[in-house]
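Here the structure is laid out as structure tokens; the discussion comes afterwards.
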Amino acid sequence: MNWFTSFEIPPASAPISHQSKILSMGSCFAKVVGSKLESCKFDVLTNPFGTIFHPTSLSQILNHAQFEDSIDESGILEREGLFFHYSAHSDLVGKSKADLNQKWNSKIKETHEYLSSGTHLILTFGTAWIYEHQDFGSVANCHKQPQKIFEKKLSSMQKMLLDLEITLGNISRSNPNLKFILTVSPVRHIKDGIPENQLSKSILCVLCHELEKKLESVSYFPAYEIMMDELRDYRFYKEDRIHPTAEAENYIWKRFSETYFLKETQIKISEIQKIQRELAHRPLNPESDSHLKFLQNLRSKLEQMGTEFDFSKELEDTNQALERLINP
């Protein structure tokens with residue numbers, strides 16, 4: 001018997017390879033994808049300004065990076081001796097205004113470089129609900145400030161579409177080779193309410209559909225739909241019933257791989273993952289001859305793979321483990 005509904009996802013017209021340069025931004029699912037790409041030795045920058053859930057907030061930070069804008073000091077706030085900005089997640093934090101400014105400029109420069117010379121930009125939208133600060137305007141993060149200074153709003157699809165059309169258009173004119181991959185996060189935003197979350201996700205799906213129709217460089221990957229249909233069961237959620245389990249993330253990653261990686265790239269990933277598993281191996285007896293031989297074989301594999309991928313840190317750790325074993 002067939003216990004779940006599967007659906008076809010056509011192969012990407014602009015596949016990702018190990019020669020690609022990828023920027024992954026958006027909700028916490030953007031971090032999941034970015035982390036998996038990084039572990040498979042892709043050149044990827046993930047959420048340089050931390051987790052950002054809303055399309056307009058993403059559009060604003062991409063604009064800042066595209067035009068290398070200085071920090072807007074009206075958006076800086078202090079909390080418990082630390083400095084944050086309303087346009088970014090609390091991952092971007094400074095010990096002073098000057099420190100925050102320096103970190104902002106560094107992230108702007110890094111993101112600009114990926115937008116200018118990258119091949120793929122992955123944007124993962126989390127929610128259509130946004131908070132408006134009474135003075136600053138729309139914010140990416142409220143940073144635990146009093147609720148009374150914000151107004152919560154459901155953004156219209158038309159407003160978000162216009163924001164992203166302009167932003168992605170500007171980026172495309174600077175880097176015509178950059179391809180955009182849009183996806184809606186499978187993470188449930190149930191703090192907004194169950195009906196409200198479903199309404200929000202529906203708007204985001206329509207937004208992605210409209211952008212895909214309007215811009216040739218845009219493709220859509222149905223991560224949310226995979227979670228809702230192929231993985232339609234609470235066993236695929238963590239205990240909070242909000243975030244997908246590791247098993248669910250791995251399944252969505254498998255579908256992503258089948259969509260965006262050519263066969264030769266998938267073979268390389270398989271080889272890299274095999275080495276990653278060997279690196280994670282914990283021996284029964286770390287001082288045994290068999291472990292010595294295992295480390296020597298592992299070093300040979302790392303040296304061979306190191307001609308194509310950066311395994312310098314792993315090779316250094318393996319050499320140190322061998323040195324400790326040979327010369328205790």
[X] and [Y]: side-chain donor and acceptor closer than 3.5 Å?
X	Y	result
Thr5	Asp229	no
Ser174	Gln66	yes
Glu230	Ser6	yes
His143	Ser90	no

Can any side-chain N or O of [X] pair as donor or acceptor with the backbone N or O of [Y] at less than 3.5 Å?
X	Y	answer
Arg188	Arg241	yes
Asn175	Gly118	yes
His112	Ala65	yes
Lys179	Thr119	no
Ser270	Gln266	no

From [atom1] ([X]) to [atom2] ([Y]), nearest 0.5 Å:
X	Y	atom1	atom2	answer
Ile76	Phe136	CD1	CZ	9.5 Å
Tyr220	Leu207	OH	CG	10.0 Å
Ser106	Asn101	OG	CG	11.5 Å
Leu121	Thr111	CG	OG1	10.0 Å

*Would you check if Pro186 and Phe29 make a side-chain contact, meaning some heavy-atom pair closer than 4.5 Å?*
yes
*Do Leu211 and Phe180 have side-chain heavy atoms sitting under 4.5 Å apart?*
no
Is the ring centre of [X] less than 6.0 Å from the ring centre of [Y]?
X	Y	value
Phe125	Phe53	no
His89	Phe49	no
His189	Trp129	no

*Check the hydrophobic clustering (I, L, V, M, F, W, Y; side-chain heavy atoms under 4.5 Å; chains of links allowed) and say if Ile9 and Tyr224 are grouped together.*
yes
_Intermediate values then yes/no, side chain to side chain contact (heavy atoms under 4.5 Å, CB included), Glu287 and Leu292_ = CA-CA 7 Å; Glu287 298 176 0; Leu292 173 63; over 6 Å; no
*Could you please spell out the steps behind the side chain to side chain contact (heavy atoms under 4.5 Å, CB included) verdict for Phe311 and Ile275?*
CA-CA 10 Å; Phe311 276 99; Ile275 287 183; 4.0 Å; yes
*On the 0 to 90° scale, with breaks at 30° and 60°, tag the His281-Phe294 ring pair as parallel, tilted or perpendicular.*
tilted
*Should the pair His133 and Tyr86 be assigned to parallel (<30°), tilted (30 to 60°) or perpendicular (>60°) ring geometry?*
tilted
_Using the rule salt bridge (Lys or Arg N to Asp or Glu O under 4.0 Å), only one of Lys95, Lys97, Lys103 pairs with Asp99; which is it?_
Lys103
*asked:* Please evaluate residues Cys28 and His243 with respect to the criterion side chain to side chain contact (heavy atoms under 4.5 Å, CB included), reporting the C-alpha separation (whole Å), side-chain torsions for both, the decisive distance (0.1 Å), and the verdict.
replied: CA-CA 9 Å; Cys28 43; His243 294 87; 4.1 Å; yes
*Step by step, work out the side chain to side chain contact (heavy atoms under 4.5 Å, CB included) result for Leu92 and Leu100.*
CA-CA 7 Å; Leu92 187 72; Leu100 181 65; 4.0 Å; yes
